[in-house]
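Because the structure is predicted, anything quoted here is derived from the model rather than measured.
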Amino acid sequence: MPTILASSLSTFPMSIDKSSWTLVDLVRNQAARLGEREFISFEQGARLTFAGFDRESDAAALRLAALGVGPGDRVLALVKNRVELLLTMFATFKLGAIYVPINTELKGAFLEHQLRNAEPKVVLVDTDLADAFHGVDAGDGDIVAVVFIAGGIPDQVPPVFSTARQLSYEDFSALAAADAGVLVTPKPEDIAFIMYTSGTTGPSKGVLMPHAHCYLFGLGTQRALELAEADRYYICMPLFHANGLLMQFLGSFIAGAWVYVVERFSPNRWLDDVRASQATVTNALGVMPEFIFRHPESPLDSDNNLRVVMAAPVADEWSTDFERRYDVSIRQGFGMTECNIPAYTGPDDPLEVGCAGQVLDEFFEVRIGHMDTDEPLPADEIGEILVRPKEPSCFMAGYFKMPEKTVEAWRNLWFHTGDAGRFDASGRLYFVDRIKDCIRRRGENISSFEVEQVLNNHPAIAESAVVGIRVDGAGGEEEVKALLILAPGQEIENAALLDYCAEHMPRFAVPRYLEWINDLSKTATGKIQKQSLRDDGLTDGTWDRETIGYKIARR
């Protein structure tokens, strides 16, 4: 069987002119082309046209310049999904500076690491999030100004801002503007963002993201989903994340589509928002699509304008029913903040667990490499997904002030995603699991995601997380532990749940350990934070099936 390096599906032109692939060129060009047509509306009530977005971000840029922001400076933002986030973001780009959007869930030591690493000149923060900075030390960084969004300057300003100029957003908007000569148009290779990884295996790494890299996120989404000016994109994911900001927002900007932004995702209001906004497109990541599907059915489910939902991951247990129920097509893809989105599914690709579709081979090479040697593996064999770019500036430029991490990620001239995957015989890429989440037990590779889907399909289970636990005598391999949340009004015995598992999954995948819990910590994009669950190991609340001599019959 031949080794597969990448697929050959192509929808992009062979000759690529990236000279205008900057986010400043994007806003300028769309303002000139679409003028006063409405572009974006926010849950809080703000609305902007394409030309208005350009004008307002110009004005914000001249005020940031008045605070001392210039080329190469960092502007850090701990701001919710608000119009001020996007205006100050594009204002930063128009000064040749770098925007640093921060996860709004962070506080304390987690926030301190990113503040010290980024060393911003200006900080923007939602007033009701300001408490997150209490106890945070900026280190050697010199914060010149802090601007408080939506609420004014708080009564107790965190000490980290004591020497900085403190302004409400109203104060900021009233600043005397700098001369318009400070406005610039960056080059495609210039850095637009520092976006931080989740830091589940160590300190968060700041990903240096060139303008062209960010533009390609949006362009790939626009083409994969065939976004057009008539589309209406519902964004319920955080704008500090590449999915909400680069794929959805920038994809819509490139297409000239209309955008509606809410502060946060809610499965209870998802359908109401979709219907009210007349959305034709939306994205759902992590547990979001399953939460939507498991919401009680309604006669209005199919009464919507959606034509496509970009969702990952999906499960065989509900994905086809999701499409039928909401009268929509699900598309999948694979990517990371560092490496863009190298693969998307198309309308002819199967709706299967992990199917990410064909590789965009004008821009990327993708290899399934041996976990230890990076040597290429044949079709249908699982290894690590390795990616490298074909086009300059369409990939991350490294990790900010972490050169050793950059070198580590780029072993053997490939970027190592840390994800397990495979190619099928037709060259479609399949994501299997995060390598750390892929459990090795008795010679078998077990996908934690697939075990979770079986568990979640039981009526007594509201949610689950599956991890591998190393125990004495296992020869370096792992045992399967399931952490479970009971559905309201339900009860089930442990042995009965194992009987169900034995019926619906391979013998080797049935959990040995069960633990009933009240909630699961998640990232803001709906991904379960599993490292702490692995670190907890076996606790006083862990039940071991071997204590009752539970056996699974061989078939």
Would you call [X]-[Y] a salt bridge at under 4.0 Å N-O?
X	Y	value
Asp131	Lys107	no
Arg307	Asp231	yes
Asp128	Lys80	yes
Asp142	Lys121	no
Glu229	Arg33	yes
Lys205	Glu408	no
Lys401	Glu119	yes
Lys390	Glu365	no

N/O donor-acceptor pair under 3.5 Å between [X] side chain and [Y] backbone:
X	Y	answer
Asn103	Glu105	yes
Asn412	Trp414	no
Arg331	Ala224	yes
His416	Leu386	no
Ser168	Phe148	no
Asp349	Gly346	yes
Arg74	Val122	no
Glu384	Ala420	no
Gln222	Ala255	no
Asn340	Pro342	no

[X] and [Y]: side chain donor to acceptor below 3.5 Å:
X	Y	answer
Tyr399	Glu338	yes
Gln248	Asn243	yes
Ser57	Lys94	yes
Thr280	Asn305	no
Asn117	Tyr196	yes
Thr88	Tyr99	yes
Glu36	Thr49	yes
Asp25	His211	no

Aromatic centroids of [Y] and [X] separated by under 6.0 Å:
X	Y	answer
Phe253	Phe39	yes
Phe161	Phe133	yes
Phe90	Phe93	yes

Practice item. Only one of Arg82, Arg269, Arg264 passes salt bridge (Lys or Arg N to Asp or Glu O under 4.0 Å) with Glu43; say which it is. Key: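 With Glu43 as partner, Arg82, Arg269, Arg264 yield a single salt bridge (Lys or Arg N to Asp or Glu O under 4.0 Å), made by Arg269.
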
Review point. What orientation do His213 and Phe395 show, parallel under 30°, tilted 30 to 60°, or perpendicular over 60°?
Key: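 The arrangement is tilted - the two ring planes meet at 30° to 60°.
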
Review point. Under the side chain to side chain contact (heavy atoms under 4.5 Å, CB included) criterion, do Val274 and Leu306 qualify, and how do the steps go?
Key: CA-CA 8 Å; Val274 163; Leu306 285 177; 3.6 Å; yes

Review point. So among Leu175, Val75, Asp73, which one has a side chain to side chain contact (heavy atoms under 4.5 Å, CB included) with Leu67?
Key: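 So the option named by the test is Leu175.
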
So, taking the atom named [atom1] in [X] and the one named [atom2] in [Y], what distance separates them when rounded to the nearest 0.5 Å?
X	Y	atom1	atom2	answer
Arg116	Glu112	CZ	CD	4.5 Å
Glu84	Met89	CD	CE	12.0 Å
Phe193	Thr337	CZ	OG1	11.0 Å
Thr104	Asp126	OG1	CG	8.5 Å

Exercise for review: Begin from the C-alpha positions of Leu429 and Ile368 and carry the test side chain to side chain contact (heavy atoms under 4.5 Å, CB included) through to its verdict.
Suggested key: CA-CA 9 Å; Leu429 178 66; Ile368 301 300; 3.9 Å; yes

Review point. Would one find more than 12 heavy atoms of other residues, nucleotides or ligands at under 6.0 Å from atom NZ of Lys187?
Key: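 Open.
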
Practice item. Count the heavy atoms of every other residue, nucleotide or ligand shown that sit under 6.0 Å from CZ of Arg411, and state whether that count exceeds 12. Key: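 Correct, the count exceeds 12.
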
Practice item. Indicate the atoms forming the closest heavy-atom contact of Glu189 with Pro210, along with that distance. Key: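 Reported closest heavy-atom pair: O-CB, 3.9 Å.
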
Review point. So which heavy atom on Phe42 is nearest to which on Asn81, and how close?
Key: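 In terms of heavy atoms, the two residues are closest at CD2-O, 3.8 Å.
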
Exercise for review: Evaluate the criterion salt bridge (charged side-chain N to carboxylate O under 4.0 Å, His left out) for residue pair Asp58 and Arg28; output intermediate values, then yes/no.
Suggested key: CA-CA 10 Å; Asp58 270 356; Arg28 299 277 195 232; 2.8 Å; yes

Review point. Tyr233 and side-chain hydrogen bond (donor to acceptor under 3.5 Å, both in side chains): which partner among Asn283, Thr282, Thr221?
Key: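 Testing each of Asn283, Thr282, Thr221 against Tyr233, the sole residue satisfying side-chain hydrogen bond (donor to acceptor under 3.5 Å, both in side chains) is Asn283.
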
